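Data first, discussion second: the structure below is written as structure tokens.
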Amino acid sequence: MVDRLVNSELNTRRIASVESCFGSSGVPLAVPGRVLVGEGVLTKMCRKRPKSRQFFLFNDILVYGNIVIGKKKYNKQHIMPLEEVSLESIDDNQQYHNGWYIRTTTKSFVVYAATSTEKQEWMAHINKCVEDLLRKSGKKPVENHAAVWVPDAEASICMHCKKTQFTFVQRRHHCRNCGAVVCAGCSAKKFLLPKQSTKAQRVCDACYDRLRHTPPHAATSSAGGPGLGGSSAHDPDASDRSGSKLANDSSNDDDTDEETNSPPAEAHDEPRFYGDNSVLSAQDESIASTTSTGIAAMSTPLAANPNANMNPNPNPNATQSPVANKC
């Protein structure tokens with residue numbers, strides 16, 4: 001179904017629309033063979049609190065960003081290669097429902113959908129894209145992923161020493177290797193985690209001791225726990241080997257994007273998935289109509305149709321079915 005959209009005009013317009021929503025701060029998304037599979041809003045569990053994020057699923061990448069103006073403007077674009085993505089469902093609890101883990105080698109986190117149906121749709125479409133991508137490339141699924149950070153609210157004391165009480169003065173810190181919330185004294189050391197950054201990252205004492213005694217060729221991002229791994233901190237070539245991969249990575253910016261304020265709550269729009277629906281959206285109908293009209297105008301002499309450019313819509317009062325705008 002996705003293959004039908006590869007060279008379609010609608011897919012080209014959809015991707016261009018996503019690019020325009022991110023503006024100059026975003027990375028260009030239009031590449032040969034790329035298809036926009038779906039889009040919608042999910043609640044991402046950030047270190048401070050849950051926040052709404054706009055997600056775009058392509059057949060080869062997963063993109064998300066902060067919502068500045070709903071359906072119109074986003075920033076802090078994050079791009080996750082689907083070849084590295086792994087999903088894991090989370091059981092509901094009293095506070096949160098319809099959640100799952102999104103894991104990659106550089107960044108892992110929890111997201112929540114508005115309903116169980118939306119959760120199933122998102123997970124099914126992402127998993128299908130991952131399976132198709134791996135089958136075509138012949139690659140094996142990635143087994144080692146970055147750790148999911150423990151939210152600040154879940155740790156009132158240091159998870160390492162079990163003594164330090166967090167206050168306004170005693171700040172929380174996250175181990176970039178295991179995701180635990182620790183105090184400054186228990187995370188004073190740094191270690192190079194090439195999958196996450198070209199610079200040494202803050203790690204807790206337990207992870208530092210474990211990583212320091214792990215042979216570089218045997219170290220992985222999940223040895224001994226989620227997110228554990230990286231080559232030796234003294235490997236001079238590690239940053240060069242990973243530099244190109246991390247050029248557009250923002251997973252280790254201390255989650256500065258998480259500190260921005262979420263926009264006011266809007267009426268919930270269900271996610272849209274393309275390629276398996278037979279009815280075009282209002283915007284897609286407009287795109288198709290515009291394209292068709294443009295082609296007709298180029299092939300029809302002005303003398304035969306002098307008003308062609310004055311009223312391109314033959315029925316300006318026609319109504320369209322109310323659906324969610326895309327961007």
Side-chain angles (χ1 to χ4, degrees), residues 1-42 44 52-85 102 104 106-107 111 118 121-137 245 247-251 257 269-295 320 323-327:
M1 291 180 289
V2 171
D3 292 339
R4 296 201 310 263
L5 295 172
V6 172
N7 297 316
S8 70
E9 180 68 17
L10 287 179
N11 179 65
T12 301
R13 297 295 184 90
R14 286 168 180 159
I15 295 178
S17 180
V18 175
E19 287 184 339
S20 67
C21 288
F22 279 103
S24 59
S25 64
V27 175
L29 299 172
V31 300
R34 178 168 290 168
V35 174
L36 178 60
V37 178
E39 59 184 279
V41 176
L42 293 172
K44 179 177 177 288
S52 296
R53 296 289 184 255
Q54 181 74 27
F55 280 77
F56 298 95
L57 173 63
F58 296 84
N59 60 335
D60 62 335
I61 58 176
L62 181 64
V63 179
Y64 74 91
N66 293 10
I67 302 172
V68 180
I69 302 176
K71 310 181 190 74
K72 293 182 180 181
K73 185 177 181 181
Y74 313 114
N75 64 10
K76 300 292 183 180
Q77 182 190 72
H78 292 253
I79 299 178
M80 311 174 79
L82 284 183
E83 289 182 344
E84 301 178 0
V85 169
I102 298 180
T104 72
T106 58
K107 190 178 184 72
V111 294
E118 291 184 17
E121 289 179 337
W122 271 107
M123 294 189 69
H125 280 88
I126 295 175
N127 281 327
K128 180 65 166 58
C129 289
V130 173
E131 292 171 3
D132 291 346
L133 196 61
L134 292 176
R135 185 180 67 253
K136 292 179 180 178
S137 66
K245 179 179 180 181
N248 295 322
D249 177 59
S250 56
S251 60
D257 62 312
D269 292 328
E270 295 183 358
R272 294 190 59 81
F273 296 100
Y274 309 111
D276 55 357
N277 57 321
S278 59
V279 180
L280 294 176
S281 69
Q283 183 172 4
D284 291 341
E285 289 176 351
S286 175
I287 291 174
S289 175
T290 302
T291 304
S292 176
T293 301
I295 295 174
Q320 296 173 327
V323 297
N325 293 326
K326 285 174 57 255
C327 280

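Because the structure is predicted, anything quoted here is derived from the model rather than measured.
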[atom1]/[X] to [atom2]/[Y] distance, rounded to the nearest 0.5 angstrom?
X: Ile61; Y: Cys129; atom1: CD1; atom2: SG; answer: 11.0 Å
X: Ser8; Y: Arg13; atom1: OG; atom2: CZ; answer: 11.0 Å
X: Phe56; Y: Cys21; atom1: CZ; atom2: SG; answer: 6.0 Å
X: Lys128; Y: Asn59; atom1: NZ; atom2: CG; answer: 10.5 Å
X: Arg14; Y: Glu39; atom1: CZ; atom2: CD; answer: 8.5 Å

Carboxylate-amine/guanidinium contact Glu131 Arg135, below 4.0 Å: no
Between Asp132 and Lys136 (salt bridge meaning N to carboxylate O under 4.0 Å), is one present in this structure? no
Does the pair Leu82 and Leu57 meet the rule for a side chain to side chain contact (heavy atoms under 4.5 Å, CB included), with working shown? CA-CA 9 Å; Leu82 284 183; Leu57 173 63; 4.0 Å; yes
With sequence neighbours left out, write down each residue that passes side-chain hydrogen bond (donor to acceptor under 3.5 Å, both in side chains) with [X], or none if nothing qualifies.
X: Asn11; answer: none
X: Glu118; answer: His268
X: Asn7; answer: none
X: Glu83; answer: Lys139

Taking the side chain as C-beta and beyond, is there a heavy-atom pair between [X] and [Y] under 4.5 Å?
X: Pro28; Y: Glu19; answer: yes
X: Val63; Y: Phe22; answer: yes
X: Phe58; Y: Val37; answer: no

Might you point out which heavy atoms bring Gln54 and Ile67 nearest each other, and give the distance in Å? N-CG1, 3.8 Å
To check you understand the geometry: which heavy-atom pair defines the closest contact between His78 and Lys76, and what is its length? CD2-O, 2.9 Å
Qualifying salt bridge (Lys or Arg N to Asp or Glu O under 4.0 Å) pairs, either residue in residues 23-32, two or more places apart: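 Every candidate salt bridge (Lys or Arg N to Asp or Glu O under 4.0 Å) pair involving residues 23-32 fails, so no pair, neighbours aside, qualifies.
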Can you pull out every salt bridge (Lys or Arg N to Asp or Glu O under 4.0 Å) where at least one residue sits in residues 20-33? Sequence neighbours excluded, please.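 For residues 20-33, and leaving out neighbouring residues, there are no salt bridge (Lys or Arg N to Asp or Glu O under 4.0 Å) pairs at all.
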Residues in side chain to side chain contact (heavy atoms under 4.5 Å, CB included) contact with Thr104, at least two apart in sequence or another chain: Met80, Glu84, Val85, Thr106, Lys107
Among residues at least two apart in sequence or on other chains, which ones pass ring-ring contact (aromatic ring centres under 6.0 Å, His included) with Phe55? Tyr64
Please output the side-chain donor-acceptor pairs of residues 29-36 that fall under 3.5 Å, not counting sequence neighbours, one pair per line with the distance.
from, atom 1, to, atom 2, distance (Å)
Arg34, NE, Asp60, OD1, 3.0
Arg34, NE, Asp60, OD2, 3.2
Arg34, NH1, Leu29, O, 2.8
Arg34, NH2, Asp60, OD2, 2.8

